Amino acid sequence: MTEAVGEGPDEHVPVVVVGGGPTGVTAATLLAQYGVDTLVLDRWSQVYPQPRAVHLDDEICRILARLGVAEEFARISRPARGLRLVDRNLAVLAEFRRDTAVTRSGYPAANMFDQPELENLLRRNLTRFRRARFRGDVEVLDIAVDAAGVTRVAFSDRLSGRRSVITADYVLGCDGANSMVRNAIGATMRNLKFDQRWLVVDVATTADLQQWEGVHQICDPRRAGTYMRIGDTRYRWEFALSAGESADDFATLSALLPLLAPWTRHVAEADLQLVRVAEYTFRAQIADHWRSGSIFLLGDAAHLTPPFIGQGMGAGLRDAMNLAWKLAGVHHGSLPPTVLDSYEQERKPHARHMISLALNMGRAMTAGGQLGAAVRRLIVPRLHLIPGMRGKVIDSETPALKASSLVRRTPASRRVAGRLCPNPVLADGRRLDEALGSGFGVVTTGALTPAQQALVERCGARALCVAPATELASWLRRGRVTTAMIRPDRTVMSAGRDVDALCRQFLSGNLVGVWNPVAATPD
């Protein structure tokens, strides 16, 4: 990162987001909801028109609900029924069915969608918040910090060529795998030793392919692959490419039909419309550091996940959800700047864990030789018999966050701290997330005394007292606690059996002055 010199700034913005993809727009929307003026800079004015990501889980749907687009996303997405591991002839090696009804987070566990549709939805939604601005057709040239510690962002208009410089309190690098922000802070990607070239094929058809409505993972060292239905008339295939092959070898539907035949042999070629053929290199990488002072990395700028468990885009949205409320709290003076240290502390181990899961799935699909074949033949069909394995594959809950200043793991709280709390429908018809609002919450099984209620309010939190027979009470009992302190991102910060002790611990840590976020509604 260089020292800024020369040109004076055109304006000052509290937060500049570099990159207007799903991660950047999510971060900007959340910040705007919290009353933080935010400018998004993107190289393009329009959404990239080709589909890429196709899966989001229920935890990410919860973030979409916070943005205000959950119902619209439900209309453009399709729940999947689970996962099948199959051989090259589509014989089922193992099957993990998921109920398409809602999970503990309140949404289907697996949701298939078309990325351009979602991105357009997110961008339209961003325009509802006057504290957020989107500026496309700009090229960010440099991010630098001057001698006084002021962060300057230099960019040029791609249409007029005009060069501008703005200053910002914080810069969020959401600019993808080839991130210039990552380069600016001197971060490098650590290769986790997975690089594979894959062919990605999107097809549209109104014909019935007569396939099971879940994801098919083809476990074949000669041609591993994936099949999934992503919409009423849209289908996605991904195939490993052999040495010497490229997307050009499969540029036409006729050239693709031998690969697609196991699913489409009963469908006339004229009934299939080729939407896209592209070559991607699936990589597993993670940046060595995600922050330099007031500059942060999010999404693909910080980590790359192979697509085998469908967590690539979701990881970026988790980054945005984790960081936005902390940044807003610091900006408004409700949280001390030290809480920003928890972003990388919490998200980096979580991202690495999800990458490891994806790598394990990828290796199970692609491992070659006699050993790989033997594993698939002998072990994969018996995966469902391994204690806990079925639940691990079917349950979409991701791991708990590691301990930090905002995740207090103690012997009493270890079963729930760092995990997302459930999001059930309450007696008044609202889900928990709506009832708690956009700040902290205290969920407890006992009625609060006036003194306890005042203590909760000093924490800047909303209290919710739950009845014994409710889902939330059962969740607390399973965790062997009676009270949980819930963060704005719905992660359990701490838990125990004493409301007073939890609140006083919260206050004694100087974590909160008065948490007073702007209501999360459009302006």
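The figures here come from the full heavy-atom set of this structure, side chains too, leaving out hydrogens, waters and symmetry mates. Only a predicted model underlies this, so the values are computations on that prediction, with no experimental measurement involved.
- Taking CZ from Arg62 and CZ from Arg66, the interatomic distance works out to 9.0 Å, rounded to the nearest 0.5 Å.
- The structure places CG of Leu304 at 14.5 Å from CZ of Arg190, a figure rounded to the nearest 0.5 Å.
- Taking CG of Asp169 as the reference point, atom CG of Leu327 lies at 9.0 Å (rounded to 0.5 Å).
- Using a 4.5 Å heavy-atom threshold, the side chains of Val86 and Gln217 count as separate.
- Between Asp57 atom CG and Thr103 atom OG1 the span is 8.5 Å, to the nearest 0.5 Å.
- For the residue pair His303 / Asp319, a side-chain donor-acceptor distance below 3.5 Å is found, with atom types taken as modelled.
- Minimum interatomic distance between Met321 and Pro488 (heavy atoms only, all atoms of both residues): CE-O, 4.1 Å.
- Taking the ring-ring contact (aromatic ring centres under 6.0 Å, His included) definition, one finds that Phe73 meets it with Phe113, sequence neighbours left out.
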Q: Apply salt bridge (charged side-chain N to carboxylate O under 4.0 Å, His left out) to the pair Glu95 and Arg84, showing each step before the final yes or no.
A: CA-CA 4 Å; Glu95 180 174 294; Arg84 274 182 179 173; 2.5 Å; yes

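- Arg487 places a side-chain heavy atom less than 4.5 Å from the side chain of Val407.
- Legend: residues meeting side-chain hydrogen bond (donor to acceptor under 3.5 Å, both in side chains) with Tyr227, ordered by chain and number and at least two apart, are absent.
- Atom CD of Gln210 sits in a crowded spot, with more than 12 heavy atoms from other residues, nucleotides or ligands closer than 6.0 Å.
- A pairwise comparison of heavy atoms in Tyr107 and Asp58 identifies O-CB, 3.4 Å as the closest pair.
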(Q) If you apply the rule salt bridge (charged side-chain N to carboxylate O under 4.0 Å, His left out), what do you find for Arg431 with Asp433, and how did you get there? (A) CA-CA 6 Å; Arg431 288 200 175 273; Asp433 286 355; over 6 Å; no

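- Remark: His353 NE2 to Lys402 NZ distance equals 8.5 Å, nearest 0.5 Å.
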Q. Yes or no on ring pair (Phe, Tyr, Trp, His ring centres under 6.0 Å) for Trp198 and Phe282, after CA distance, side-chain angles and deciding distance?
A. CA-CA 7 Å; Trp198 281 62; Phe282 294 166; 5.2 Å; yes

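- A 4.5 Å side-chain heavy-atom check between Val492 and Val416 finds at least one atom pair inside the cut-off.
- In this structure, a donor-acceptor pair under 3.5 Å is absent between the side chains of Ser438 and Gln33.
- Between the Glu346 side chain and the Ala400 main chain, no donor and acceptor come within less than 3.5 Å of each other.
- With 3.5 Å as the limit, one finds no donor-acceptor pair spanning the side chains of Thr29 and Thr26.
- Thr444 and Thr483 form a side-chain donor-acceptor contact under 3.5 Å, judged by distance and modelled atom types alone.
- A donor atom on one side chain and an acceptor atom on the other are found under 3.5 Å apart for Gln311 and Arg318.
- Checked by atom type and distance alone, the side chain of Ser179 never pairs as donor or acceptor with a backbone atom of Asp175 at under 3.5 Å.
- Applying the side chain to side chain contact (heavy atoms under 4.5 Å, CB included) test between Arg229 and each of Arg78, Met112, Gln211 identifies Arg78 as the sole match.
- Listed for the Arg123 side chain is a donor-acceptor partner under 3.5 Å among the backbone atoms of Gly20.
- Contact annotation: the side chain of Val442 never approaches that of Cys459 to less than 4.5 Å [non-hydrogen atoms, C-beta and beyond].
- No side-chain N or O of Ser404 forms a donor-acceptor pair with one of Gln345 less than 3.5 Å apart.
- Annotation for Arg104 and Leu420: closest pair NH1-O, 3.3 Å, computed over non-hydrogen atoms.
- Scored by the salt bridge (charged side-chain N to carboxylate O under 4.0 Å, His left out) test, Asp341 finds Arg291 as partners (sequence neighbours excluded).
- Counting only N and O atoms by type, the side chains of Asn125 and Glu72 include no donor and acceptor under 3.5 Å apart.
- Between Phe308 and Phe194, the ring planes are perpendicular. Angles over 60° get that label, and only those under 30° would be called parallel.
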Q: Give the C-alpha distance, both sets of side-chain angles, the deciding distance and a yes or no for side chain to side chain contact (heavy atoms under 4.5 Å, CB included) between Thr470 and Trp475.
A: CA-CA 9 Å; Thr470 60; Trp475 166 67; over 6 Å; no

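- Closest heavy-atom contact between Leu476 and Ala484: CD2-CB, 4.0 Å.
- The backbone N or O of Ser105 sits less than 3.5 Å from a side-chain atom of Asn423, completing a donor-acceptor pair.
- Taking the centre of each ring, Tyr343 and Trp290 come in below the 6.0 Å mark.
- Distance CG/Asn191 to CD1/Ile286: 12.0 Å, rounded to 0.5 Å.
- The minimum heavy-atom distance between Arg490 and Leu436, with the atom names listed, is NH2-CB, 3.5 Å.
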